Every structure is written in C-alpha cells, then in structure tokens.
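Heads up: the structure comes next, in structure tokens.
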Amino acid sequence: MSALVLALAAGAVVGLALGALGGGGGVLAVPALIYLLGFTPAAATTASLIIVTATSITALYAHARTGAVRWRAGALFAAAGLLPAAAAGAAAARLPQPVLTAAFAAVAALAAVRMLRPGPADSGPAVGDRAVAVRPVKVAGTGAGLGALTGLLGVGGGFLTVPALVTVAAFEMRAAVGTSLLVIAANSLASLATRGATTAGVDWALIAPFTGAAILGAWDGKRLAARVGGTRLKRTFAILLLAVAAFMLVDAVA
C-alpha cells in the first residue's frame, strides 16, 4: 500500500476521532506517522501538531455553529496553557527518541483508561457563554498542565480537556467537547511556534493529504457520534489506543 493511501486513511480516522470525541486525534496521529509513514518521533510530534491544529479549528467551527462552545471560559483555559505549551515544545526536540516514544505510550494508555471509565452524560444543549461556577485558579492550573502535554508530545489533550471542563468548569458534555477544540487549537499553535527546527523533518507531501483527510473526517465525526453514540465510540477507540500504547512501549524498550 502506497504511503499516500496510508496517509489518507490514517488522516480520516484521526479526523473522525477528533470530530466525534473532541479529542484523541493526536494520540492516533503520532503512532500512525511513526509506524505507517516512517517519521521519527520528533518529526511525528511536530507533524501531529500541524494536523491537530488544522483539524481542531475545522471541528471547532462545526461545533460553534450549534452553540456548543463556551468562548470566555475556553479562552481562559487556553490562555493558561500557551506558555507551557511553547516551553514544552522547545524542550521536546532535546529529548532522546526512546524517552519520547515511551512517554507518548504512557499518555496513550492513560487516554484509553479514561475513555473506558464511565463519564458524565450530556445534560442538555450548550448555551453560548452561560454563567457557570468556574474556579479561575483551578482552571488556570489545569490549562497549564494540558498545554505542557500538548507541547511535549504533540497531542491536543482533548481526552483530558473534556473531563477537566466537565469537573472544573461545570460544563455539560456537549459544551465540553466543543470548547475543548478551542483549547486544543490554541495550545497546538503555541507549541508549533517553538518547533521551527523540527519542521525540517516533516514530509509535506504526506502531511498535506493526511491533514486534508483529517479535516474532512472531522466534519463526519460529529454526525457519526450522533448516530452511533458516544459510549460505543469511546469504548472502541479506547481498545485501539491500548493496543497502540502497548506496541509503542515494547518498541521503546526493545
């Protein structure tokens, strides 16, 4: 199978995950780039940020049209993560490749475990910037941690951002998924700003179709979630992530 076909197929899956679940695209994009398309871990995390940024902005627009984005609280969450994302992005290029791979495997396993745990149900439609009991200090601390994760490993952190918005900012699930895309896009852009040196290892002939397929997949992901149901999607995605995490961990220590 040609690299172009693999890039298109992997991009479609990444976009579906991001559009349907509000996260998870990066944790699939990085192993796909490494093991299917031959990227180094450092180049894969940079390429993943490019893909996740473009896809999350597309998915954000789709969610915003239905009123599922809380702009003020989301901006606070995202702002807290900008500097940590930029600093971690600069540090990522200096880490040994096996360490980066092992760290990513651990994060993928954590994402899978969180998705397998029962989560809060959608309590109703989101209403723009409706007032909620937001705790600014807690929101800022959580946002900073997620920004560092994005910068270091090239993942958007949606699998952590969504439950954080539900528990820390008292969002219902629908608003948490939509708002998480704003946070993901902002953190990814901040990290990319400090990764100029690593973009030299990015094969744009593969990243362009990968990103295009992911953007198209993100539009379909929201509709897929409505038809199939978020619980079944999360369970399937979590099992896939556990398999990916185990493979990467074995590869890192081999």
Side-chain angles (χ1 to χ4, degrees), residues 1-19 23-62 78 81-82 85-101 103-105 107-108 147 149-158 181-221 244 247-248 251:
M1 191 179 295
S2 73
L4 177 59
V5 172
L6 288 173
L8 289 169
V13 173
V14 166
L16 281 172
L18 196 59
V27 290
L28 277 184
V30 171
L33 291 164
I34 295 173
Y35 299 109
L36 294 181
L37 300 178
F39 283 58
T40 66
T45 55
T46 301
S48 172
L49 286 169
I50 297 169
I51 295 161
V52 168
T53 299
T55 310
S56 59
I57 289 173
T58 302
L60 174 64
Y61 174 72
L82 294 181
R94 299 177 176 83
L95 286 177
Q97 303 295 320
V99 172
L100 203 58
T101 302
F104 188 90
V107 168
L149 179 71
T150 299
L152 188 65
L153 299 179
V155 298
L181 294 164
L182 172 63
V183 179
I184 290 167
N187 286 341
S188 298
L189 283 170
S191 180
L192 275 173
T194 61
R195 282 177 174 251
T198 57
T199 56
V202 172
D203 186 348
W204 291 98
L206 293 177
I207 291 306
F210 195 121
T211 304
I215 289 172
L216 292 176
W219 282 97
D220 292 329
V244 169
F247 180 81
M248 293 186 77
D251 182 61

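None of these values were measured; they are calculated from a predicted model.
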For Leu206 and Phe39, run side-chain contact (heavy atoms from CB on, under 4.5 Å): C-alpha distance rounded to whole Å, both residues' side-chain angles, the deciding distance at 0.1 Å, then the answer. CA-CA 10 Å; Leu206 293 177; Phe39 283 58; 4.2 Å; yes
At their closest point, which heavy atom of [X] faces which heavy atom of [Y], and how far apart are they?
| X | Y | result |
| --- | --- | --- |
| Ala44 | Leu33 | O-CD1, 3.4 Å |
| Thr46 | Leu192 | O-CD2, 3.9 Å |
| Leu82 | Ala186 | CD2-O, 3.5 Å |
| Pro209 | Trp204 | CD-O, 4.2 Å |
| Ala54 | Thr58 | O-OG1, 3.0 Å |
| Ser191 | Leu49 | OG-CD1, 3.2 Å |

Are [X] and [Y] close enough that some pair of their side-chain heavy atoms sits under 4.5 Å apart?
| X | Y | answer |
| --- | --- | --- |
| Ile50 | Thr53 | no |
| Ser48 | Ile51 | no |
| Leu37 | Phe210 | yes |

Qualifying residues under side-chain contact (heavy atoms from CB on, under 4.5 Å), relative to Leu100, sequence neighbours excluded: Pro41, Thr45, Leu95, Leu153
For Phe247, enumerate each residue passing the side-chain contact (heavy atoms from CB on, under 4.5 Å) test, keeping only those at least two apart in sequence or located in another chain. Tyr35
